[in-house]
Each structure stands twice: as structure tokens, then as C-alpha cells.
Number of protein chains: 2
Amino acid sequence: MSRKYIDNPNACTLVHTMNTIGNKWKPIILYLLSQGPLRFGMLNLLVPTISKKVLSTQLKELENDDLVSRTAYAETPPRVEYALTQKSKGLLPILKALSEWAEITYPEIDFEQCRIADHQLKEE
Amino acid sequence: MSRKYIDNPNACTLVHTMNTIGNKWKPIILYLLSQGPLRFGMLNLLVPTISKKVLSTQLKELENDDLVSRTAYAETPPRVEYALTQKSKGLLPILKALSEWAEITYPEIDFEQCRIADHQLKEE
DNA sequence: CTGTATCCACAAAGATACTG
DNA sequence: CAGTATCTTTGTGGATACAG
């Protein structure tokens, strides 16, 4: 075997990436924010079936990784807006590529789970 | 607000992608296989700290999603080789992009966890 | 409205031993 | 060598209530 060394740093950063955004909710949160800032309650509606607690932790982790920014307005009732940062904007084309890959590779995907969010939005 | 509808199918395929490969081990397995087929035991060495049970499950899921192929040779001792498929080959450039994004975005990443695999390889 | 606190359920992961 | 079986442990997510 000629391969004596695997260029592992690549795999390593990949692991880091997946640890950072590779879970159930974060990609969809980032995707939703790609269309503009959103408030906490709106995200709660748009992300199907997510609970407030989980949404809260996800957003906090994204904030820690500097992938979303959080802006609180001193009003009553309070208003908080979440938006993408420079770092996460660099991620968008890649997320899009991943999405397109899945679309091509698994054309039989069931889109039913999207209906909920669409419905909620149309009610708004 | 002018946005009344979010193009969710994109987010939906994204969710599907993350459900398929967005976990702790699969990206690194796919990455390692990108350099050529590997046997079960070799993967077990190369993927740091993974247990045989977990590796087995991950490989089986990848096989179900047609992202790796499994070839068993009728020898004693048995030999089983795992390799990428056409589907997962299309994913490689994207994984590379993700890796590069992390490298640029988080230059402070700790590469310590790669040492194990490197070390194992040099012993080979 | 935007969260936190608490408790609970379940799935995923690890350790170890064993089989063909 | 390439796994499986079993058991234990950990982690993640959900429900509900409540606070600023």
C-alpha cells in the first residue's frame, strides 16, 4: 500500500464543522435567517415542531460560535432579532450545495414536513 | 413585512442531508474512504475513539443510503472492504468546501484529535 | 414577548464479552 | 477478521410551568 499518511487535518476540520452545525436544527435555522433577520417567536413558528427550550439552546450555541447575532430592543413587549454574521454568510453557498446534492441524489425525498412552516407563514 | 412565503423545500432537503450525514462520524468515514477503499479494521483504527459497534452501525446506515458499498471476500480470515459510491463521490467537493470553510472561519481549531489516526497510520 | 427551570423520555454511544 | 449481543451511561430533546 503506498498510502502511509492520510491528510487528516482536512477530516479534522470537517469533524469540527459537523460538531458546529451538523445537527437537526442549526442548518434550518441558518437557512431561514438567510432570507433576513427573524425574531425569536417567528423562528419558533417557522422551525417545525421545535420547542422554545431547544430553540433557545441552539441559538445560544450559534451565537457562541459567532454564526448568528442577537439584537435585543429595549421595548415592551421585548423584541429580539437574530441575524446571520459574516462567518455564517460564508456558509450559505455550501448549505445550498448540500441541499442541491440531496435533491439530485435522493429525488424521492418526502417534502411533507415543510408544509407546516409554509402553512404557518401563510396565516401571518 | 414583504416576505410571506419561505422557499422551504430547500431547507427541507438540507434537513434531509443533515439527517443522512450530519453526525459525529459519517463525514470522517466518507473522508477517509475518499482516498480509497478501506477494511473494517482499518477504519476502526483510523477513526479515533470509535467503537466497533458504533462503526458497524454507521457503516450499515451509510450502506442503506447508498453512500458506501460493502464488499466481502470469502477468505479466512474474512476481508471486508468499504468504498465510496457514485452518490457519495458527488458529496466530496462539498465536504471539502465545508472543511475549508471551517479552516478559514475558525483558524484556532485544535488539531490534537488527528494525531491518533496519524500515529496509527505511521505504525502500519 | 422572550426566554429559564425543572423534570422526564428516549435514542445514541461506550464497554465488554462473545460468535462465525 | 469482522462483526453481534448485552448492558450501562450519557446526551439530546420534549412538556410544562414560570419569570423579567
Side-chain angles (χ1 to χ4, degrees), chain A residues 1 15-16 18-30 32-33 37-65 68-83 113 116-117 120-121 123-124, chain B residues 1 15-16 18-29 32-33 36-65 68-83 113 116-117 120-121 123-124:
Chain A
M1 195 189 307
V15 170
H16 185 269
M18 299 318 282
N19 286 342
T20 309
I21 59 151
N23 76 354
K24 191 173 172 185
W25 302 117
K26 288 178 185 174
I28 194 171
I29 292 174
L30 291 176
L32 290 170
L33 289 178
L38 287 171
R39 303 175 58 170
F40 184 86
M42 199 50 172
L43 279 169
N44 200 199
L45 281 178
L46 292 179
V47 183
T49 76
I50 201 172
S51 71
K52 280 196 294 183
K53 182 189 130 191
V54 175
L55 178 57
S56 179
T57 40
Q58 300 297 306
L59 285 171
K60 216 171 287 176
E61 288 176 16
L62 286 170
E63 209 190 335
N64 278 338
D65 292 327
V68 306
S69 65
R70 179 185 182 279
T71 314
Y73 297 89
E75 308 168 355
T76 42
R79 181 163 60 99
V80 177
E81 279 195 348
Y82 293 91
Q113 53 188 308
I116 307 159
Q120 304 267 15
L121 265 186
E123 301 297 277
E124 130 189 38
Chain B
M1 195 189 308
V15 169
H16 185 269
M18 299 318 282
N19 286 342
T20 308
I21 59 151
N23 75 356
K24 191 174 174 185
W25 302 117
K26 288 178 187 172
I28 195 170
I29 292 174
L32 290 171
L33 290 179
L38 288 171
R39 304 173 58 165
F40 184 87
M42 200 49 176
L43 279 169
N44 200 201
L45 281 177
L46 292 179
V47 183
T49 75
I50 201 170
S51 72
K52 282 196 291 185
K53 184 190 131 192
V54 175
L55 178 57
S56 179
T57 336
Q58 299 298 308
L59 286 171
K60 217 170 287 177
E61 287 177 17
L62 285 170
E63 209 190 335
N64 278 339
D65 291 328
V68 306
S69 65
R70 178 185 182 280
T71 314
Y73 297 88
E75 309 168 356
T76 41
R79 181 162 61 98
V80 177
E81 279 195 347
Y82 293 92
Q113 53 188 306
I116 307 160
Q120 306 268 15
L121 263 186
E123 300 298 277
E124 133 188 37

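Computed over heavy atoms, backbone and side chain alike; hydrogens, waters and symmetry mates excluded. Throughout, protein chains are lettered first and strands after them, A, B, ... in sequence-line order, and every chain is numbered starting at 1. Every value quoted in this text rests on a predicted model; they were computed, and no experiment measured them.
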Residue pair [X] / [Y]: nearest heavy atoms and the distance that separates them:
X      : Y      : value
L33(A) : Y82(A) : CD2-O, 3.3 Å
M18(A) : G22(B) : CE-CA, 3.2 Å
P78(B) : R39(B) : O-NH2, 3.7 Å
L55(A) : F40(A) : CD2-O, 3.8 Å
N44(B) : I50(B) : ND2-O, 3.4 Å

If you measure from [atom1] on [X] to [atom2] on [Y], what distance do you get to the nearest 0.5 Å?
X      : Y      : atom1 : atom2 : answer
L62(A) : L30(A) : CG    : CG    : 5.5 Å
L32(B) : L43(B) : CG    : CG    : 6.5 Å
E81(B) : L38(B) : CD    : CG    : 8.0 Å

Could you go through nucleotides 2-4 of chain D and list every protein N or O atom that sits under 3.5 Å from one of its N or O atoms, giving the distance for each pair?
unit_1	atom_1	unit_2	atom_2	d
dA2(D)	OP1	R39(B)	NE	3.0
dA2(D)	OP1	R39(B)	NH2	3.2
dA2(D)	OP1	V80(B)	N	3.3
dA2(D)	OP2	G41(B)	N	3.0
dG3(D)	OP1	R70(B)	NE	3.4
dG3(D)	OP1	R70(B)	NH2	2.7
dG3(D)	OP2	Y82(B)	OH	2.8
dG3(D)	N7	K52(B)	NZ	3.1
dG3(D)	O6	K52(B)	NZ	2.7
dT4(D)	OP1	K60(B)	NZ	2.8
dT4(D)	OP2	S56(B)	OG	2.7
dT4(D)	OP2	K60(B)	NZ	3.4

Checklist entry - What residues form a side-chain hydrogen bond (donor to acceptor under 3.5 Å, both in side chains) with E61(B), not counting sequence neighbours? => result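 Partners of E61(B) by the side-chain hydrogen bond (donor to acceptor under 3.5 Å, both in side chains) criterion, ordered by chain and then number, come out as K26(B).
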
Item to check | Side-chain N or O of Q58(A) closer than 4.0 Å to phosphate OP1/OP2 of dG13(D) | outcome: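 So the side-chain polar atoms of Q58(A) do come within 4.0 Å of the phosphate oxygens OP1 or OP2 of dG13(D), strictly under.
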
Checklist entry - Hey, does I28(A) have a side-chain heavy atom less than 4.5 Å from the side chain of L46(A)? => result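 The answer is no, as the side chains (C-beta and beyond) never meet within the 4.5 Å cut-off.
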
Item to check | Pairwise side-chain hydrogen bond (donor to acceptor under 3.5 Å, both in side chains) hits with a residue in residues 50-59 of chain A, at least two apart | outcome: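 As it turns out, the side-chain hydrogen bond (donor to acceptor under 3.5 Å, both in side chains) pairs with a partner in residues 50-59 of chain A, which skip direct neighbours, are N23(A)-Q58(A).
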
Checklist entry - Considering only heavy atoms, which members of residues 20-27 of chain B lie under 4.0 Å from some atom of DNA chain C? => result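 Going residue by residue through residues 20-27 of chain B, the ones with a heavy atom under 4.0 Å of DNA chain C turn out to be K24(B).
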
Checklist entry - For the helix from dC1(C)-dG20(D) to dG20(C)-dC1(D), how many degrees between its two end axes (five pairs per end), to the nearest 10°? => result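 Nearest ten degrees gives 50° for this helix.
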
Next on the checklist: With heavy atoms of chain A within less than 4.0 Å as the criterion, where does contact along DNA chain C begin and end?
Outcome noted: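 Contact boundaries, 5' end first: dC1(C) to dC7(C).
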
